[in-house]
Amino acid sequence: MKRSRSIENSIIPIGFSLILLLIWQLSVDMGMISRNMLPSPTDVGSTLIEILPDIYQHTLVTLTEAFAGFFASILLALILAILMDSVKVIKKAIYPILVVSQTVPLIVLAPLFVMWFGYGMMPKIIVVVLVCFFPILISLLDGLSSVDKDMINLLKSMKASRLQIFRLVKFPAAMVSFFSGLRIAATYSIMGAIIGEWMGGKAGLGIYMTRVKYSFAYDKTFAAILVIVVLSMMVFYAVRLLQRLAMPWSIEMEKNRR
Amino acid sequence: MNTFQNNNEIKLELKELYKAFEDTPVLEGISLQLKNKEFISILGPSGSGKSTIFNIISGLLKPDRGEVAIEGENHTGKTGRVSYMYQKDLLLPWRKVIDNASLPLIVKGMEKQQARETVAPFFKVFGLEGFEHKYPFQLSGGMRQRAALLRTYMFSKDIMLLDEPFGGLDAITRAKMQQWLLDVLQQLEASILFITHDIEEAIYLSDRVYILSERPAAVKKEIVIDLERPRGREILTSREFIDLKAEILSLL
Ligand SMILES: Nc1ncnc2c1ncn2[C@@H]1O[C@H](COP(=O)(O)OP(=O)(O)OP(=O)(O)O)[C@@H](O)[C@H]1O
Ligand SMILES: [Mg+2]
(Lines give C-alpha, C1' and ligand atoms only; values in the text may rest on other atoms or scores of the structure.)
(Ligands and ions follow the chains in the order given, each with its own letter.)
Protein backbone atom coordinates (compact mmCIF):
# COMPACT_ATOMS: atom_id res chain seq x y z
CA MET A 1 0.00 0.00 0.00
CA LYS A 2 2.60 2.50 1.16
CA ARG A 3 4.94 1.69 -1.69
CA SER A 4 2.34 2.00 -4.41
CA ARG A 5 1.23 5.33 -2.98
CA SER A 6 4.78 6.70 -3.11
CA ILE A 7 5.16 5.56 -6.73
CA GLU A 8 1.85 7.24 -7.48
CA ASN A 9 3.16 10.37 -5.79
CA SER A 10 6.09 10.61 -8.16
CA ILE A 11 4.41 9.35 -11.33
CA ILE A 12 1.55 11.84 -11.32
CA PRO A 13 3.62 15.05 -11.23
CA ILE A 14 6.29 13.72 -13.61
CA GLY A 15 3.70 12.46 -16.05
CA PHE A 16 1.78 15.72 -15.97
CA SER A 17 4.95 17.77 -16.54
CA LEU A 18 5.85 15.56 -19.49
CA ILE A 19 2.42 16.14 -21.02
CA LEU A 20 2.82 19.92 -20.63
CA LEU A 21 6.27 19.77 -22.26
CA LEU A 22 4.83 17.72 -25.13
CA ILE A 23 2.05 20.25 -25.73
CA TRP A 24 4.63 23.04 -25.70
CA GLN A 25 6.89 21.17 -28.13
CA LEU A 26 4.02 20.40 -30.52
CA SER A 27 2.58 23.90 -30.52
CA VAL A 28 5.97 25.36 -31.50
CA ASP A 29 6.69 22.62 -34.06
CA MET A 30 3.29 23.03 -35.67
CA GLY A 31 3.82 26.77 -35.98
CA MET A 32 1.09 27.86 -33.57
CA ILE A 33 3.70 29.90 -31.72
CA SER A 34 6.62 31.53 -33.51
CA ARG A 35 9.98 29.97 -32.71
CA ASN A 36 11.45 33.46 -32.27
CA MET A 37 8.98 34.29 -29.54
CA LEU A 38 9.08 30.96 -27.69
CA PRO A 39 11.74 28.32 -28.38
CA SER A 40 10.59 24.70 -28.03
CA PRO A 41 11.95 22.43 -25.27
CA THR A 42 14.27 20.65 -27.70
CA ASP A 43 15.57 24.02 -28.94
CA VAL A 44 16.33 24.97 -25.36
CA GLY A 45 18.05 21.65 -24.80
CA SER A 46 20.35 21.91 -27.76
CA THR A 47 21.12 25.57 -27.02
CA LEU A 48 22.02 24.62 -23.45
CA ILE A 49 24.60 22.10 -24.64
CA GLU A 50 25.96 24.68 -27.05
CA ILE A 51 26.41 27.44 -24.46
CA LEU A 52 27.48 25.23 -21.56
CA PRO A 53 31.20 26.16 -21.72
CA ASP A 54 30.17 29.80 -21.92
CA ILE A 55 27.70 29.68 -19.07
CA TYR A 56 29.87 27.64 -16.74
CA GLN A 57 31.83 30.61 -15.35
CA HIS A 58 28.65 32.60 -14.84
CA THR A 59 27.10 29.71 -12.96
CA LEU A 60 30.08 29.54 -10.61
CA VAL A 61 29.81 33.24 -9.82
CA THR A 62 26.10 32.99 -9.11
CA LEU A 63 26.60 29.94 -6.91
CA THR A 64 29.33 31.69 -4.94
CA GLU A 65 27.11 34.68 -4.30
CA ALA A 66 24.19 32.48 -3.34
CA PHE A 67 26.26 30.40 -0.91
CA ALA A 68 27.93 33.39 0.68
CA GLY A 69 24.58 35.06 1.19
CA PHE A 70 22.94 31.86 2.40
CA PHE A 71 25.55 31.21 5.07
CA ALA A 72 25.62 34.84 6.13
CA SER A 73 21.82 34.61 6.52
CA ILE A 74 22.08 31.51 8.67
CA LEU A 75 24.63 33.15 10.92
CA LEU A 76 22.64 36.36 11.20
CA ALA A 77 19.35 34.53 11.78
CA LEU A 78 20.92 32.34 14.48
CA ILE A 79 22.30 35.29 16.38
CA LEU A 80 19.14 37.32 16.10
CA ALA A 81 16.86 34.38 16.92
CA ILE A 82 18.80 33.57 20.07
CA LEU A 83 18.76 37.23 21.11
CA MET A 84 15.07 37.65 20.34
CA ASP A 85 14.15 34.43 22.10
CA SER A 86 16.10 35.09 25.27
CA VAL A 87 15.30 38.79 25.65
CA LYS A 88 11.62 39.34 25.02
CA VAL A 89 12.00 43.13 24.73
CA ILE A 90 14.27 42.69 21.74
CA LYS A 91 11.73 40.41 20.10
CA LYS A 92 8.91 42.88 20.68
CA ALA A 93 11.00 45.73 19.30
CA ILE A 94 12.43 44.03 16.22
CA TYR A 95 9.73 41.66 15.04
CA PRO A 96 7.37 44.28 13.50
CA ILE A 97 10.26 46.03 11.77
CA LEU A 98 11.33 42.75 10.21
CA VAL A 99 7.85 42.03 8.93
CA VAL A 100 7.52 45.50 7.43
CA SER A 101 10.96 45.21 5.85
CA GLN A 102 9.72 42.17 3.95
CA THR A 103 7.08 44.24 2.19
CA VAL A 104 9.64 46.49 0.50
CA PRO A 105 10.14 45.24 -3.08
CA LEU A 106 13.72 44.10 -3.55
CA ILE A 107 13.73 45.12 -7.19
CA VAL A 108 13.55 48.71 -5.99
CA LEU A 109 16.32 48.33 -3.46
CA ALA A 110 18.76 46.39 -5.60
CA PRO A 111 19.87 49.39 -7.73
CA LEU A 112 20.60 51.30 -4.53
CA PHE A 113 22.94 48.56 -3.37
CA VAL A 114 24.80 48.78 -6.66
CA MET A 115 25.16 52.52 -6.07
CA TRP A 116 26.44 51.99 -2.52
CA PHE A 117 28.58 48.90 -2.97
CA GLY A 118 29.59 48.97 -6.64
CA TYR A 119 29.49 46.20 -9.23
CA GLY A 120 31.30 43.49 -7.27
CA MET A 121 29.78 40.55 -5.42
CA MET A 122 28.84 42.54 -2.32
CA PRO A 123 25.51 43.99 -3.47
CA LYS A 124 24.43 40.57 -4.79
CA ILE A 125 25.28 38.88 -1.53
CA ILE A 126 23.26 41.51 0.30
CA VAL A 127 20.23 40.83 -1.86
CA VAL A 128 20.59 37.10 -1.16
CA VAL A 129 20.75 37.83 2.57
CA LEU A 130 17.64 39.99 2.36
CA VAL A 131 15.77 37.19 0.64
CA CYS A 132 17.02 34.27 2.74
CA PHE A 133 17.36 35.74 6.17
CA PHE A 134 13.67 36.19 6.91
CA PRO A 135 12.39 32.63 6.32
CA ILE A 136 15.30 31.24 8.33
CA LEU A 137 14.74 33.61 11.23
CA ILE A 138 11.00 33.01 11.35
CA SER A 139 11.38 29.25 11.25
CA LEU A 140 13.95 29.42 14.05
CA LEU A 141 11.79 31.68 16.20
CA ASP A 142 8.75 29.48 15.64
CA GLY A 143 10.75 26.42 16.52
CA LEU A 144 12.17 27.97 19.66
CA SER A 145 8.81 29.16 20.93
CA SER A 146 6.91 25.97 20.09
CA VAL A 147 8.80 23.89 22.65
CA ASP A 148 6.59 22.08 25.16
CA LYS A 149 6.45 24.17 28.36
CA ASP A 150 6.45 21.05 30.49
CA MET A 151 9.66 19.91 28.85
CA ILE A 152 11.26 23.14 30.01
CA ASN A 153 9.69 22.82 33.47
CA LEU A 154 11.08 19.32 33.75
CA LEU A 155 14.57 20.67 33.14
CA LYS A 156 13.95 23.50 35.58
CA SER A 157 12.91 21.01 38.23
CA MET A 158 16.38 19.50 37.73
CA LYS A 159 17.87 22.93 38.39
CA ALA A 160 19.15 23.23 34.82
CA SER A 161 20.61 26.59 33.84
CA ARG A 162 19.08 28.69 31.08
CA LEU A 163 21.97 27.78 28.84
CA GLN A 164 21.44 24.07 29.50
CA ILE A 165 17.73 24.37 28.79
CA PHE A 166 18.56 26.10 25.53
CA ARG A 167 21.24 23.63 24.50
CA LEU A 168 19.48 20.45 25.59
CA VAL A 169 15.85 21.22 24.78
CA LYS A 170 15.00 24.43 22.98
CA PHE A 171 17.62 24.42 20.26
CA PRO A 172 17.28 20.78 19.22
CA ALA A 173 13.50 21.09 19.37
CA ALA A 174 13.70 24.03 16.95
CA MET A 175 15.78 22.08 14.43
CA VAL A 176 12.93 20.54 12.44
CA SER A 177 11.32 23.92 11.91
CA PHE A 178 14.74 25.47 11.25
CA PHE A 179 15.43 23.03 8.45
CA SER A 180 12.12 23.67 6.74
CA GLY A 181 13.06 27.37 6.73
CA LEU A 182 16.49 26.47 5.40
CA ARG A 183 14.99 24.53 2.50
CA ILE A 184 12.92 27.50 1.42
CA ALA A 185 15.83 29.90 1.87
CA ALA A 186 18.18 27.66 -0.09
CA THR A 187 15.95 27.74 -3.15
CA TYR A 188 15.47 31.50 -2.78
CA SER A 189 19.22 32.06 -2.54
CA ILE A 190 19.82 31.35 -6.24
CA MET A 191 16.95 33.61 -7.24
CA GLY A 192 18.25 36.33 -4.91
CA ALA A 193 21.66 36.25 -6.52
CA ILE A 194 20.09 36.55 -9.97
CA ILE A 195 18.00 39.55 -8.91
CA GLY A 196 21.15 41.16 -7.57
CA GLU A 197 23.02 40.52 -10.80
CA TRP A 198 20.16 41.89 -12.86
CA MET A 199 21.22 45.37 -11.73
CA GLY A 200 24.60 45.00 -13.34
CA GLY A 201 27.98 43.47 -12.75
CA LYS A 202 30.76 41.57 -14.46
CA ALA A 203 29.64 37.96 -14.35
CA GLY A 204 26.83 35.68 -13.21
CA LEU A 205 23.77 34.03 -14.69
CA GLY A 206 21.74 37.21 -14.20
CA ILE A 207 24.30 39.20 -16.16
CA TYR A 208 24.34 36.56 -18.85
CA MET A 209 20.58 36.71 -19.10
CA THR A 210 20.45 40.50 -19.45
CA ARG A 211 23.04 40.27 -22.23
CA VAL A 212 21.21 37.62 -24.25
CA LYS A 213 17.92 39.41 -23.67
CA TYR A 214 19.23 42.46 -25.53
CA SER A 215 20.27 40.29 -28.46
CA PHE A 216 16.80 38.69 -28.50
CA ALA A 217 18.30 35.20 -28.10
CA TYR A 218 15.34 33.76 -26.22
CA ASP A 219 16.55 30.21 -26.56
CA LYS A 220 19.61 31.23 -24.51
CA THR A 221 17.39 32.93 -21.93
CA PHE A 222 15.41 29.74 -21.53
CA ALA A 223 18.57 27.66 -21.33
CA ALA A 224 19.78 29.91 -18.52
CA ILE A 225 16.42 29.56 -16.78
CA LEU A 226 16.80 25.81 -16.99
CA VAL A 227 20.20 26.06 -15.31
CA ILE A 228 18.67 28.20 -12.55
CA VAL A 229 15.86 25.71 -11.95
CA VAL A 230 18.29 22.82 -11.75
CA LEU A 231 20.58 24.72 -9.36
CA SER A 232 17.67 25.67 -7.11
CA MET A 233 16.44 22.09 -6.97
CA MET A 234 19.95 20.91 -6.20
CA VAL A 235 20.37 23.17 -3.21
CA PHE A 236 16.90 22.21 -2.00
CA TYR A 237 17.81 18.54 -1.98
CA ALA A 238 21.25 19.26 -0.56
CA VAL A 239 19.60 20.80 2.50
CA ARG A 240 17.29 17.82 2.73
CA LEU A 241 20.31 15.53 2.65
CA LEU A 242 21.99 17.62 5.32
CA GLN A 243 18.90 17.24 7.50
CA ARG A 244 19.01 13.50 7.03
CA LEU A 245 22.63 13.44 8.16
CA ALA A 246 22.22 15.87 11.04
CA MET A 247 18.93 14.54 12.37
CA PRO A 248 18.30 10.97 11.31
CA TRP A 249 15.47 10.73 13.84
CA SER A 250 13.47 13.52 12.23
CA ILE A 251 13.25 11.77 8.87
CA GLU A 252 12.35 8.47 10.52
CA MET A 253 9.72 10.24 12.55
CA GLU A 254 8.20 11.70 9.39
CA LYS A 255 8.19 8.26 7.82
CA ASN A 256 6.43 6.86 10.85
CA ARG A 257 3.71 9.46 10.68
CA ARG A 258 2.79 8.71 7.11
CA MET B 1 18.41 -0.94 65.74
CA ASN B 2 19.69 1.49 63.19
CA THR B 3 17.65 0.12 60.30
CA PHE B 4 14.45 0.50 62.24
CA GLN B 5 15.19 4.18 62.76
CA ASN B 6 16.09 4.66 59.14
CA ASN B 7 12.85 3.18 57.99
CA ASN B 8 10.85 5.61 60.00
CA GLU B 9 12.85 8.62 59.03
CA ILE B 10 10.64 11.27 57.45
CA LYS B 11 11.99 12.02 53.98
CA LEU B 12 9.48 14.62 52.96
CA GLU B 13 6.92 16.62 54.86
CA LEU B 14 4.38 19.13 53.60
CA LYS B 15 3.16 21.55 56.24
CA GLU B 16 -0.10 23.41 55.66
CA LEU B 17 0.41 24.30 51.99
CA TYR B 18 -1.85 27.00 50.61
CA LYS B 19 -1.94 28.07 46.98
CA ALA B 20 -4.31 30.16 44.88
CA PHE B 21 -4.21 31.03 41.17
CA GLU B 22 -5.64 34.50 40.58
CA ASP B 23 -8.01 34.38 43.55
CA THR B 24 -9.06 30.78 42.82
CA PRO B 25 -7.92 28.79 45.83
CA VAL B 26 -6.46 25.47 44.70
CA LEU B 27 -4.73 24.12 47.81
CA GLU B 28 -6.12 24.69 51.28
CA GLY B 29 -3.82 23.44 53.95
CA ILE B 30 -2.23 20.33 52.50
CA SER B 31 -0.15 18.44 55.02
CA LEU B 32 1.40 15.06 54.51
CA GLN B 33 4.41 12.96 55.31
CA LEU B 34 6.50 10.56 53.28
CA LYS B 35 8.72 8.22 55.22
CA ASN B 36 11.81 6.43 54.02
CA LYS B 37 11.05 3.74 51.40
CA GLU B 38 7.33 4.39 51.65
CA PHE B 39 4.94 4.39 48.72
CA ILE B 40 2.27 7.06 49.21
CA SER B 41 -0.56 7.80 46.82
CA ILE B 42 -2.46 11.02 46.48
CA LEU B 43 -5.93 10.23 45.25
CA GLY B 44 -8.17 13.05 44.14
CA PRO B 45 -10.67 14.13 41.53
CA SER B 46 -9.56 15.66 38.26
CA GLY B 47 -8.53 19.29 38.56
CA SER B 48 -8.39 19.19 42.34
CA GLY B 49 -4.80 20.42 42.53
CA LYS B 50 -2.71 17.25 42.62
CA SER B 51 -0.16 18.36 40.04
CA THR B 52 0.03 21.72 41.79
CA ILE B 53 1.21 19.92 44.92
CA PHE B 54 4.01 18.31 42.92
CA ASN B 55 4.95 21.58 41.27
CA ILE B 56 5.37 23.05 44.74
CA ILE B 57 7.38 20.11 46.10
CA SER B 58 9.70 20.19 43.08
CA GLY B 59 10.26 23.92 43.61
CA LEU B 60 8.73 25.03 40.31
CA LEU B 61 5.96 26.87 42.17
CA LYS B 62 6.04 28.73 45.44
CA PRO B 63 3.17 28.13 47.87
CA ASP B 64 1.36 31.17 49.20
CA ARG B 65 1.80 29.75 52.68
CA GLY B 66 3.24 26.62 54.18
CA GLU B 67 6.47 24.71 53.99
CA VAL B 68 8.12 21.85 52.12
CA ALA B 69 10.58 20.09 54.38
CA ILE B 70 12.99 17.48 53.03
CA GLU B 71 14.84 15.41 55.61
CA GLY B 72 13.94 18.04 58.16
CA GLU B 73 15.25 20.98 56.17
CA ASN B 74 13.18 23.74 54.64
CA HIS B 75 13.18 23.26 50.87
CA THR B 76 10.28 25.50 49.90
CA GLY B 77 10.69 26.90 46.38
CA LYS B 78 14.01 25.16 45.75
CA THR B 79 14.47 23.05 42.63
CA GLY B 80 16.98 20.28 42.04
CA ARG B 81 16.35 18.00 45.01
CA VAL B 82 13.55 15.55 44.17
CA SER B 83 12.90 13.81 40.89
CA TYR B 84 9.66 14.51 39.11
CA MET B 85 7.89 12.49 36.46
CA TYR B 86 5.14 14.29 34.58
CA GLN B 87 1.80 13.02 33.37
CA LYS B 88 3.34 12.99 29.88
CA ASP B 89 6.51 10.98 29.33
CA LEU B 90 8.35 14.06 27.98
CA LEU B 91 11.08 12.04 26.34
CA LEU B 92 13.20 14.12 23.98
CA PRO B 93 12.47 12.72 20.49
CA TRP B 94 15.97 13.52 19.20
CA ARG B 95 17.76 11.58 21.91
CA LYS B 96 18.13 7.83 22.01
CA VAL B 97 16.60 6.13 25.03
CA ILE B 98 19.98 5.84 26.73
CA ASP B 99 20.64 9.53 26.21
CA ASN B 100 17.19 10.43 27.47
CA ALA B 101 17.88 8.42 30.59
CA SER B 102 21.25 10.19 30.93
CA LEU B 103 19.71 13.64 30.72
CA PRO B 104 19.63 14.29 34.50
CA LEU B 105 23.31 13.37 34.74
CA ILE B 106 24.17 15.65 31.83
CA VAL B 107 22.30 18.46 33.58
CA LYS B 108 24.38 17.77 36.67
CA GLY B 109 27.48 18.26 34.53
CA MET B 110 28.54 14.73 33.61
CA GLU B 111 30.13 13.94 30.25
CA LYS B 112 27.96 12.12 27.72
CA GLN B 113 30.02 8.94 27.65
CA GLN B 114 30.30 8.69 31.41
CA ALA B 115 26.57 9.35 31.78
CA ARG B 116 25.83 6.52 29.38
CA GLU B 117 28.03 4.17 31.34
CA THR B 118 26.32 5.18 34.55
CA VAL B 119 22.78 4.53 33.31
CA ALA B 120 23.52 1.41 31.25
CA PRO B 121 23.36 -1.09 34.15
CA PHE B 122 19.86 0.12 35.06
CA PHE B 123 18.36 -0.86 31.71
CA LYS B 124 18.11 -4.43 32.92
CA VAL B 125 16.43 -3.51 36.21
CA PHE B 126 13.89 -1.36 34.36
CA GLY B 127 13.17 -3.98 31.71
CA LEU B 128 14.57 -1.83 28.93
CA GLU B 129 17.40 -4.06 27.84
CA GLY B 130 17.94 -3.89 24.09
CA PHE B 131 16.22 -0.53 23.77
CA GLU B 132 19.24 1.61 24.65
CA HIS B 133 19.83 2.83 21.12
CA LYS B 134 16.24 3.17 19.97
CA TYR B 135 14.53 6.52 19.59
CA PRO B 136 11.47 7.21 21.78
CA PHE B 137 9.04 7.12 18.84
CA GLN B 138 10.09 3.53 18.21
CA LEU B 139 8.82 2.50 21.67
CA SER B 140 5.36 1.43 22.79
CA GLY B 141 3.49 3.47 25.40
CA GLY B 142 4.46 1.15 28.23
CA MET B 143 8.12 1.16 27.24
CA ARG B 144 8.15 4.94 27.02
CA GLN B 145 6.85 5.14 30.59
CA ARG B 146 9.60 2.79 31.70
CA ALA B 147 12.19 4.98 30.02
CA ALA B 148 10.69 8.09 31.60
CA LEU B 149 10.73 6.41 34.99
CA LEU B 150 14.35 5.42 34.54
CA ARG B 151 15.23 9.00 33.68
CA THR B 152 13.33 10.16 36.76
CA TYR B 153 15.19 7.69 38.91
CA MET B 154 18.56 8.85 37.54
CA PHE B 155 17.97 12.33 38.84
CA SER B 156 17.18 11.53 42.44
CA LYS B 157 17.16 8.00 43.69
CA ASP B 158 15.59 8.62 47.07
CA ILE B 159 12.53 10.86 46.59
CA MET B 160 10.46 10.43 43.44
CA LEU B 161 7.28 12.24 42.51
CA LEU B 162 5.23 10.32 39.97
CA ASP B 163 2.28 12.19 38.46
CA GLU B 164 -0.17 9.67 37.00
CA PRO B 165 2.57 7.80 35.16
CA PHE B 166 0.13 5.23 33.80
CA GLY B 167 -2.75 7.59 33.06
CA GLY B 168 -2.38 7.40 29.29
CA LEU B 169 -2.07 3.62 29.01
CA ASP B 170 -4.76 1.09 28.13
CA ALA B 171 -6.13 -1.08 30.97
CA ILE B 172 -4.06 -4.17 30.16
CA THR B 173 -0.76 -2.35 29.77
CA ARG B 174 -1.58 -0.38 32.86
CA ALA B 175 -2.07 -3.51 34.96
CA LYS B 176 1.23 -4.89 33.65
CA MET B 177 3.03 -1.65 34.42
CA GLN B 178 1.69 -1.61 37.99
CA GLN B 179 3.07 -5.07 38.56
CA TRP B 180 6.31 -4.05 36.91
CA LEU B 181 6.60 -0.98 39.13
CA LEU B 182 6.18 -3.06 42.28
CA ASP B 183 8.87 -5.45 41.06
CA VAL B 184 11.30 -2.68 40.16
CA LEU B 185 10.77 -0.83 43.42
CA GLN B 186 11.73 -3.91 45.39
CA GLN B 187 15.20 -3.53 43.92
CA LEU B 188 15.50 0.20 44.61
CA GLU B 189 15.72 2.34 47.73
CA ALA B 190 13.19 4.95 46.78
CA SER B 191 10.48 6.82 48.65
CA ILE B 192 7.60 7.57 46.35
CA LEU B 193 4.74 10.03 46.10
CA PHE B 194 2.31 8.85 43.47
CA ILE B 195 -0.63 10.72 41.99
CA THR B 196 -3.59 8.86 40.58
CA HIS B 197 -7.31 9.03 40.27
CA ASP B 198 -7.65 5.29 39.99
CA ILE B 199 -8.74 3.84 43.35
CA GLU B 200 -7.57 0.28 42.69
CA GLU B 201 -4.19 1.48 41.51
CA ALA B 202 -3.77 3.54 44.68
CA ILE B 203 -4.63 0.64 46.98
CA TYR B 204 -2.65 -1.91 45.03
CA LEU B 205 0.59 0.06 45.03
CA SER B 206 0.60 2.04 48.25
CA ASP B 207 1.44 1.84 51.90
CA ARG B 208 -0.79 4.82 52.59
CA VAL B 209 -3.29 6.83 50.54
CA TYR B 210 -4.15 10.48 51.04
CA ILE B 211 -7.60 11.30 49.76
CA LEU B 212 -8.14 14.82 48.54
CA SER B 213 -11.36 16.79 48.33
CA GLU B 214 -12.58 18.62 45.23
CA ARG B 215 -10.86 21.92 44.48
CA PRO B 216 -9.76 23.65 46.67
CA ALA B 217 -7.94 20.53 47.75
CA ALA B 218 -7.59 19.55 51.37
CA VAL B 219 -6.71 16.15 52.77
CA LYS B 220 -10.02 14.45 53.46
CA LYS B 221 -8.61 11.32 54.93
CA GLU B 222 -5.44 9.30 55.26
CA ILE B 223 -5.89 5.57 54.82
CA VAL B 224 -3.31 2.98 55.77
CA ILE B 225 -3.14 0.06 53.34
CA ASP B 226 -2.22 -2.93 55.46
CA LEU B 227 -1.83 -5.46 52.67
CA GLU B 228 1.11 -7.81 52.74
CA ARG B 229 3.98 -7.41 50.29
CA PRO B 230 4.99 -8.63 47.78
CA ARG B 231 1.54 -8.21 46.28
CA GLY B 232 0.11 -10.08 43.34
CA ARG B 233 -2.98 -9.33 41.31
CA GLU B 234 -4.98 -11.93 43.24
CA ILE B 235 -5.31 -9.50 46.17
CA LEU B 236 -7.57 -7.37 43.99
CA THR B 237 -10.41 -9.74 44.86
CA SER B 238 -9.48 -10.25 48.51
CA ARG B 239 -11.82 -9.26 51.33
CA GLU B 240 -9.48 -6.55 52.72
CA PHE B 241 -8.94 -5.02 49.31
CA ILE B 242 -12.65 -4.75 48.61
CA ASP B 243 -13.31 -3.27 52.04
CA LEU B 244 -10.64 -0.62 51.45
CA LYS B 245 -12.11 0.15 48.07
CA ALA B 246 -15.58 0.52 49.55
CA GLU B 247 -14.23 2.82 52.26
CA ILE B 248 -12.52 5.07 49.72
CA LEU B 249 -15.52 5.12 47.39
CA SER B 250 -17.71 6.31 50.22
CA LEU B 251 -15.32 9.23 50.75
CA LEU B 252 -15.20 10.48 47.17
N1 LIG C 1 -0.31 27.98 36.30
C2 LIG C 1 -1.64 28.01 36.54
N3 LIG C 1 -2.32 29.17 36.44
C4 LIG C 1 -3.65 29.19 36.68
N5 LIG C 1 -4.38 28.14 37.05
C6 LIG C 1 -3.77 26.96 37.17
C7 LIG C 1 -2.35 26.82 36.93
N8 LIG C 1 -2.00 25.53 37.13
C9 LIG C 1 -3.13 24.89 37.48
N10 LIG C 1 -4.18 25.73 37.52
C11 LIG C 1 -5.56 25.37 37.92
O12 LIG C 1 -5.51 24.79 39.20
C13 LIG C 1 -6.38 23.69 39.29
C14 LIG C 1 -5.64 22.45 39.73
O15 LIG C 1 -4.75 22.06 38.71
P16 LIG C 1 -3.86 20.76 38.80
O17 LIG C 1 -3.16 20.60 37.52
O18 LIG C 1 -3.05 20.81 40.04
O19 LIG C 1 -4.99 19.63 38.95
P20 LIG C 1 -4.83 18.05 38.94
O21 LIG C 1 -5.48 17.56 40.18
O22 LIG C 1 -3.44 17.66 38.69
O23 LIG C 1 -5.75 17.67 37.71
P24 LIG C 1 -5.64 16.41 36.72
O25 LIG C 1 -6.20 15.24 37.45
O26 LIG C 1 -6.52 16.80 35.57
O27 LIG C 1 -4.22 16.26 36.34
C28 LIG C 1 -7.05 23.54 37.94
O29 LIG C 1 -8.32 24.13 38.02
C30 LIG C 1 -6.16 24.32 37.02
O31 LIG C 1 -6.93 24.90 35.98
MG1 LIG D 1 -2.47 16.76 37.08
As an exercise: rank Leu92(B), Leu103(B), Thr79(B) by heavy-atom pairs under 4.5 Å with chain A and give me the winner.
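Of the options given, most contacts go to Thr79(B).
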Does [X], at its [atom1] atom, have more than 12 non-hydrogen atoms belonging to other residues, nucleotides or ligands within less than 6.0 Å?
| X | atom1 | answer |
| --- | --- | --- |
| Lys88(A) | NZ | yes |
| Lys159(A) | NZ | no |
| Leu18(A) | CG | yes |
| Lys78(B) | NZ | yes |
| Glu71(B) | CD | yes |
| Glu214(B) | CD | no |
| Tyr237(A) | OH | no |
| Phe133(A) | CZ | yes |

In terms of heavy-atom proximity below 4.5 Å to chain A, should [X] be classed as side chain, backbone, both, or neither?
| X | value |
| --- | --- |
| Tyr84(B) | both |
| Leu90(B) | both |
| Ile106(B) | both |
| Lys88(B) | side chain |

Please flag which part of Leu155(A) lies under 4.5 Å from any non-hydrogen atom of chain B: side chain, backbone, both or neither.
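Looking at Leu155(A), just its side chain touches chain B.
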Please state whether the side chain, the backbone, both or neither of Asp148(A) comes within less than 4.5 Å of a heavy atom of chain B.
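The answer is the side chain of Asp148(A).
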When rounded to the nearest 0.5 angstrom, what is the spacing between [atom1] in [X] and [atom2] in [Y]?
| X | Y | atom1 | atom2 | value |
| --- | --- | --- | --- | --- |
| Met154(B) | Met158(A) | CE | CE | 11.0 Å |
| Gln87(B) | Asp150(A) | CD | CG | 8.5 Å |
| Lys156(A) | Asn55(B) | NZ | CG | 11.0 Å |

What pair of heavy atoms forms the shortest contact from [X] to [Y], and how long is it?
| X | Y | result |
| --- | --- | --- |
| Pro93(B) | Met151(A) | CD-CE, 4.3 Å |
| Tyr86(B) | Asn153(A) | OH-CB, 3.0 Å |
| Ser157(A) | Leu60(B) | N-CD2, 3.7 Å |

